[in-house]
Amino acid sequence: MQMTSISSKSALPAKADIRPWTLERITVHLVLIGFVILALGPIAVVIINSLKTTPAIFGAPFALPFGDTFSLAGYGRVFTRGNFLLNYRNSIIVTVSSVGLTVIVSTLAAYALVEYKLRIVPLLAGLFLIGVMLPIRLGTIPIIKIMAALGHYRYAAGAYPCLHRDEHPARRDADDDLFPHRPGRA
Amino acid sequence: LTHPAAARWSLLLFILPALAIYLMFAVVPLLSSIVMSFFDTNKELGNVFVGIGNYVYLFTQPSVSARFWNALLNNTKYFAIHVIVEVPIGLLLAGLLTSGALRRSEGVYRTLLFIPATLSVVIVGFIWRLIVNPLWGLVGYPLLGSQGTALTTISLMSVWQYVGIPMVFLYSALLAVPNDLVEAARLDGASPWKIFWDIKFPLIVPQFGLIVILTFIWTFNGFDLVFALNGSAPGPNYSTDILGTYFYRTFFGSSGQVADLDLGAAVATVIFTIMLLVTAGYFWFVQRRLKSHQV
């Protein structure tokens with residue numbers, strides 16, 4: 001059986017590639033560079049625009065910031081007007097606690113599911129697997145009722161269990177649709 | 001060897017935290033969602049059992065059922081675009097990364113291509129809304145504002161964001177293909193194209209099938225990008241409405257629509273059933289027939 005572990009050294013060869021530049025290799029690089037541009041171009045547009053004045057963004061959104069159009073005012077306003085630090089702190093609290101809880105609880109369960117060969121184990125594993133496939137959004141209504149019963153409805157803490165049971169990154173953003181009336185939500 | 005009784009006890013201890021959280025916040029809510037779909041809670045009498053009344057209403061009330069079928073059709077298109085565009089590009093990129101043409105740059109390309117998948121959907125929506133804006137964007141045509149192009153545009157935004165997922169998934173599958181097989185084929189004079197399609201791809205078909213069914217699950221769970229761009233009544237004229245937003249609108253209500261908890265539960269159960277049937281059907285008819293080879 002092949003296993004993988006993490007090492008302090010990079011697994012990729014450190015030696016320079018001495019093979020000749022065949023047409024085949026050049027093509028592979030060109031195609032990949034093309035997709036990298038496609039992947040990063042839109043992000044670059046946003047970063048470039050973050051360095052410009054507002055009229056310059058709407059005047060020429062794809063131009064580079066030069067002279068008059070260069071402005072760092074947006075970065076200043078993030079901290080003065082946007083309550084950025086509070087949002088950042090909330091994100092960190094939610095992420096760290098849900099990832100921490102997920103790792104601890106699911107490692108314990110995964111170990112037991114592999115270690116003990118009992119007849120009930122495949123059933124339990126199947127039960128957990130179904131949860132990966134079904135969107136918890138479909139259970140929104142009862143979850144809100146459970147939260148209300150626990151008295152957590154009015155606290156952001158009530159959102160943790162929902163985040164915890166589904167670690168797909170997109171779910172983090174879907175959290176708001178579970179608690180649309182949560183205080184503090186814009 | 002552990003005594004069976006002791007093993008049972010340890011298993012329970014290890015699994016209990018996960019099982020308790022999972023039961024309380026996933027199994028019970030999903031099951032009670034199903035139960036709730038058979039009741040009517042809007043009456044002053046409290047909970048009234050109405051049997052399949054909510055379902056009959058969902059499929060016979062003309063405006064409600066028309067919106068449901070529209071959302072289902074849109075969601076199917078949304079999924080189809082992901083399968084036609086995202087999965088093949090992911091396969092292409094994974095194939096190029098493992099083609100042997102790269103050495104040190106392999107990790108660099110892999111990381112750069114995965115960056116969009118780490119962005120928040122809200123940021124993705126913002127970026128692309130800026131780029132496709134008909135007034136100052138790249139195209140002078142209102143891609144998001146026309147009924148004919150809005151859904152495709154949103155689907156492609158999602159494809160742009162998540163193409164790194166099938167890429168990384170298939171990349172790790174291709175890495176597991178034994179090198180001796182590839183080397184033997186190369187010595188026999190097979191072209192890279194032939195090596196890929198006749199040696200490597202047949203060996204990663206199970207993972208390819210799995211990423212297709214995962215894409216199905218993810219797109220039918222889709223909600224956030226459409227909601228971030230178009231809100232809960234996704235226009236123009238519901239042309240970008242998918243099952244996630246349809247459910248949200250039914251349950252939470254939206255402008256011009258009153259929230260209906262029981263109908264929401266019925267919609268949730270129908271979506272739940274569709275996903276369960278398709279996923280189970282896939283595993284029954286396809287994944288079961290895959291043979292394992294010792295190489």
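Values below: all heavy atoms of this structure, side chains included; hydrogens, waters and symmetry mates excluded. Naming: A, B, ... by sequence-line order, numbering from 1 per chain.
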Which of the residues [options] is involved in the greatest number of heavy-atom pairs with chain A at under 4.5 angstrom?
options	answer
Leu13(B), Leu97(B), Ile127(B), Leu93(B)	Ile127(B)
Gly164(B), Pro116(B), Ser99(B)	Pro116(B)
Leu19(B), Ile89(B), Ile115(B)	Leu19(B)

Contact class of [X] relative to chain A, heavy atoms under 4.5 angstrom:
X	value
Leu92(B)	side chain
Ser105(B)	side chain
Phe216(B)	neither
Ile34(B)	neither
Phe251(B)	side chain

Shorter than 4.5 Å, heavy atoms on both sides: which option in [options] has the most such pairs with chain B?
options	result
Ile33(A), Leu113(A), Val121(A)	Ile33(A)
Leu32(A), Leu118(A), Val36(A)	Leu32(A)
Leu38(A), Thr107(A), Val31(A)	Leu38(A)

Within the distance-only criterion (no hydrogens, no angle test), does the side chain of [X] pair as donor or acceptor with the backbone N or O of [Y] below 3.5 angstrom?
X	Y	value
Ser191(B)	Lys194(B)	yes
Gln161(B)	Leu119(B)	yes
Ser172(B)	Phe169(B)	yes
Asp262(B)	Ser37(B)	no

To the nearest 0.5 Å, what is the distance between [atom1] ([X]) and [atom2] ([Y])?
X	Y	atom1	atom2	result
Ser158(B)	Glu86(B)	OG	CD	6.5 Å
Leu229(B)	Thr245(B)	CG	OG1	11.5 Å
Met36(B)	Asn54(B)	CE	CG	9.0 Å
Tyr246(B)	Thr250(B)	OH	OG1	4.5 Å

Return the orientation label for the Tyr248(B) and Phe252(B) ring planes: parallel under 30°, perpendicular over 60°, tilted otherwise.
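Ring orientation of Tyr248(B) relative to Phe252(B): tilted.
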
Contacting moiety of Tyr111(A), where chain B heavy atoms sit under 4.5 Å:
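When you check distances to chain B, only side chain atoms of Tyr111(A) fall under 4.5 Å.
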
Portion of Leu127(A) that has a non-hydrogen atom of chain B nearer than 4.5 angstrom:
both

Is the His29(A) to Trp21(A) ring centre distance short of 6.0 Å?
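So the answer is yes for these two rings.
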
Taking it one step at a time, do Phe283(B) and Leu210(B) satisfy side-chain contact (heavy atoms from CB on, under 4.5 Å)?
CA-CA 9 Å; Phe283(B) 281 104; Leu210(B) 209 56; 4.0 Å; yes

Residue pair Leu96(B), Tyr171(B): steps toward the side-chain contact (heavy atoms from CB on, under 4.5 Å) verdict
CA-CA 9 Å; Leu96(B) 291 179; Tyr171(B) 170 80; over 6 Å; no

Proximal to chain B - members of residues 45-54 of chain A, heavy-atom separation under 4.5 Å
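Val45(A), Val46(A), Asn49(A) fall under the 4.5 Å cut-off.
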
